[in-house]
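One structure is given here, and the rest of the page talks about it.
Along the sequence shown, the residues carry numbers beginning at 1. Quick note: numbers below take in every heavy atom, side chains included, and nothing from hydrogens, waters or symmetry partners. As the structure is a computational prediction, the values presented were derived from the model and not from experiment. Just follow the structure's listing: the first ligand is 1, and inside any ligand the first atom is 1.
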Amino acid sequence: MSAFPEGFCWGVATSAYQIEGSPLADGAGPSIWHRFAHTPGHIADGETGNIACNHYQRYLEDIGLLHELGVNAYRFSIAWGRVLPEGRGAINRKGLGFYQRLVDALLERGISPVITLYHWDLPMALQDRGGWINPDSPQWFADYAEVLFRTFADRVTSWITINEPWVIAVLGHLEGRHAPGWRDPSAAARVGHHLLLAHAAAVASYRTLGHGQIGIALNLEPQHPAYPKAADLLAAQRRDAFVNRWFLDALFLASYPIELAQIFGPAWPKFGAVALDQIHYPGDFIGVNYYTRARVAAAPEAKPLGAICLPPPREKSTAMGWEIYPEGLGEVLGWFKERYGNPRVLITENGAAFADPAPCAGLVLDPQRIVYLRSHLRAAAQALAAGVDLGGYFVWSLMDNFEWAEGYSKRFGLYWVDRQTLQRYPKSSAHFYRSVIATQGAVL
Ligand SMILES: N#[N+]C[C@@H]1[C@@H](O)[C@H](O)[C@@H](O)[C@@H]2O[C@H]12
C-alpha cells in the first residue's frame, strides 16, 4: 500500500556554493563563502568551493542523475553573486543565463525546479557594506528576488527565500564557524531579524509577480532533557526557544520567545509591535530541514544558554556525530499541527553523512544511509497519516559536495563523487530512494 499520495513531491536538494564550482566564472562576483573558505584555518581539510562538483559545467549530466532517480522536483539555490556581481544594480546576463539553461533543462525532463534564493553565499560587495546587519539588507534581498521572480515567472512556481536563517545568524555571526565568521551577539540578533524582514519583503514581492508557492526553510531540532532532572528540562526548554522557536514563533505568532532576551541580554534589541508585525510572514509553506535531535544537560557555566548537548552513543551516530533519531522528525512535524495552524509543510532537507566506502564495480554500498532514510520516511508517512499537511520530501543531498566548514570530508550524497575525477557513482541508497519514489513509499 502506498504510504504517500499521488502527486507527492519527491526531490533531492543541493546548493550553489556546495556543488557548482567556478565561483568567479562569466563575470560572477565573489561571495562571503569564497572569502571565508580561502582564509586559512576555516575549513577542516583546507578546501574551497573553487571546484566543488563542477556542476557549473556538468549540470546536464547531473540532471540525468535526477531523471535516473525518478524525482519530480529538484531543490537548488541560485548564487546571488552570479546574477548581481555587486549584489545590487547591474544584472550579469551570463550568470543568469546559466540558471535559465538549468531551469529549462529540468522542465524538459519533467522535473519541477524548487529554487532557494539564498543559501548562505552573500555577495562580498554587500558584506563590505555590513552584510545582513545593514538595515538596507532586506531591500537588497527583495530587489535581487524580484530579478529572479521576473526572469522565471512563467516557469518556476516553487520558491524558498532563505535557507536556515538560524545557522546564518548563529554559526555566521555569533559562533563564527561559518561565513562571515563574526562573534557578536548583537549582530546575530539583528541579522536574525533582518533575515525575517528580507523573507517578508520577498514574499510580498512574489504576491505581485508570481502565481506559485513561496516559503522559508528552517533547521529544526527537538531539544530533550538528557536526564529526568528539572535543571535539564529547563535547559532543554531554553535551547528549544533558541534553536527552534526563535524563528517559528516569529513567523507564525509574530513574537520572539521571551527566553531570547534572557539569553542575549542587553544585546537583544527592543523590538516593537510594528517590527514584530512585519516578520509575521510564514508564506505558503514551511520548509523543514531535519537531521537529528539534541540531548540537553544543564551547565550553568556554559554561557549564555547554561546548557550543553551530550554526544550520542557512537552506534547511533552519523559521521557528523549527530544522533540517528527518526522519531524527532515526527515530533517536529507534529509541532505544525499542534501549535502553528497546520500549514503546508515540505521536508526540504533530510539525510546523513556516513563513512561511505569507495565504489566497487561502479556502485557504493551504503546500507546505513538506507536504514536512515527508510526510518525517517516512515516517520514522515506516520505524520502524514496523523493529519500533518506534508506535501514533499527532499533528500540532502543529490551528491557528495562541499560540506561548508567540513570541506569534502563529510559525504551526504546519494551519489558518490570521486574527488580526483569528479566522476559520480550511485550509492545503493540512490537505488533505494528510486524504489521509494516509484512505489509512492509502498516499499518502506
Ligand atoms: N551539515 N550539514 C548538511 C546540510 C548542509 O550541507 C546544508 O547546506 C544545510 O542547508 C543544512 O545543514 C544541512
Side-chain angles (χ1 to χ4, degrees), residues 11-21 23 31-34 36-37 42-45 47-49 52-53 55 74-80 114-122 159-172 175 177-179 195 199 215-221 243-244 247 286-294 309 312 317-325 328-329 332 346-356 366 368-369 372-373 376 393-417 429:
V12 291
T14 65
S15 85
Y17 190 76
Q18 292 181 273
I19 69 166
E20 289 180 358
S31 76
I32 56 174
W33 267 94
H34 181 75
F36 190 79
H42 283 160
I43 310 300
D45 55 8
E47 285 285 359
T48 73
C53 304
H55 177 73
Y74 171 50
R75 180 188 171 213
F76 63 95
S77 77
I78 288 180
W80 189 336
V114 179
I115 295 180
T116 305
L117 290 163
Y118 185 68
H119 202 124
W120 306 355
D121 46 359
L122 188 74
W159 297 86
I160 292 167
T161 55
I162 293 165
N163 182 71
E164 299 192 350
W166 185 89
V167 170
I168 299 166
V170 175
L171 272 64
E175 298 180 358
R177 291 191 284 141
H178 277 195
L195 289 168
H199 164 72
I216 192 170
L218 303 181
N219 55 292
L220 298 174
E221 181 185 86
V243 174
N244 300 310
F247 290 93
I286 190 76
V288 172
N289 292 357
Y290 178 81
Y291 288 90
T292 187
R293 67 155 176 180
C309 297
S317 298
T318 70
M320 293 292 282
W322 299 346
E323 183 177 359
I324 299 167
Y325 191 75
L329 177 56
V332 166
L346 297 179
I347 298 169
T348 37
E349 289 181 24
N350 178 238
F354 293 106
D356 300 326
D366 64 334
Q368 288 178 289
R369 189 170 286 102
Y372 180 99
L373 294 177
H376 286 76
Y393 176 89
F394 293 77
V395 172
W396 183 271
S397 180
L398 169 63
M399 58 186 147
D400 301 335
N401 58 52
F402 181 77
E403 186 41 60
W404 307 112
E406 303 289 340
Y408 299 100
S409 65
K410 298 294 183 292
R411 293 177 176 268
F412 276 86
L414 294 174
Y415 287 81
W416 196 88
V417 176
S429 58

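Residue contacts with ligand 1 for E403 involve side-chain atoms from C-beta outward but no N, CA, C or O (heavy atoms, distance under 4.0 Å). The proximity of N219 to ligand 1, defined as any non-hydrogen pair under 4.0 Å, does not occur for either the backbone or the side chain.
Under a 4.0 Å criterion applied to the non-hydrogen atoms of Q18, ligand 1 contributes the atoms 6 (O), 7 (C), 8 (O). The distance from ligand 1 to the heavy atoms of H119 drops below 4.0 Å at these ligand atoms: 7 (C), 8 (O), 9 (C), 10 (O). Near M320, the atoms of ligand 1 lying under 4.0 angstrom from a non-hydrogen atom of the residue are 1 (N). For ligand 1 and W322, the ligand atoms under 4.0 Å from any heavy atom of the residue are 1 (N), 2 (N). Taking every non-hydrogen atom of Y291 and a distance limit under 4.0 Å, the qualifying atoms of ligand 1 come out as 3 (C), 4 (C), 13 (C).
Ion pair R411/D366 not flagged as a salt bridge, since none of the NZ, NE, NH1 or NH2 atoms sits closer than 4.0 Å to an Asp/Glu carboxylate oxygen.
In this structure, the protein non-hydrogen atom closest to atom 12 (O) of ligand 1 is E164 OE1, 3.7 Å. Looking from atom 10 (O) of ligand 1 to the surrounding protein, the closest heavy atom is E349 OE2, 2.7 Å.
Classified by interplanar angle (parallel below 30°, tilted 30° to 60°, perpendicular above 60°), the ring pair F76/Y74 is parallel.
The two residues P165 and L195 come nearest to each other via the heavy atoms O-CD1, 3.7 Å. Residues W120 and W33 share a closest heavy-atom pair of O-CD1, 3.3 Å. The minimum heavy-atom distance linking N350 with Y290 is given by the pair ND2-O, 2.9 Å.
Geometric assessment of R293 against the ring of Y325 yields a positive cation-pi assignment under the 6.0 Å and 45° thresholds.
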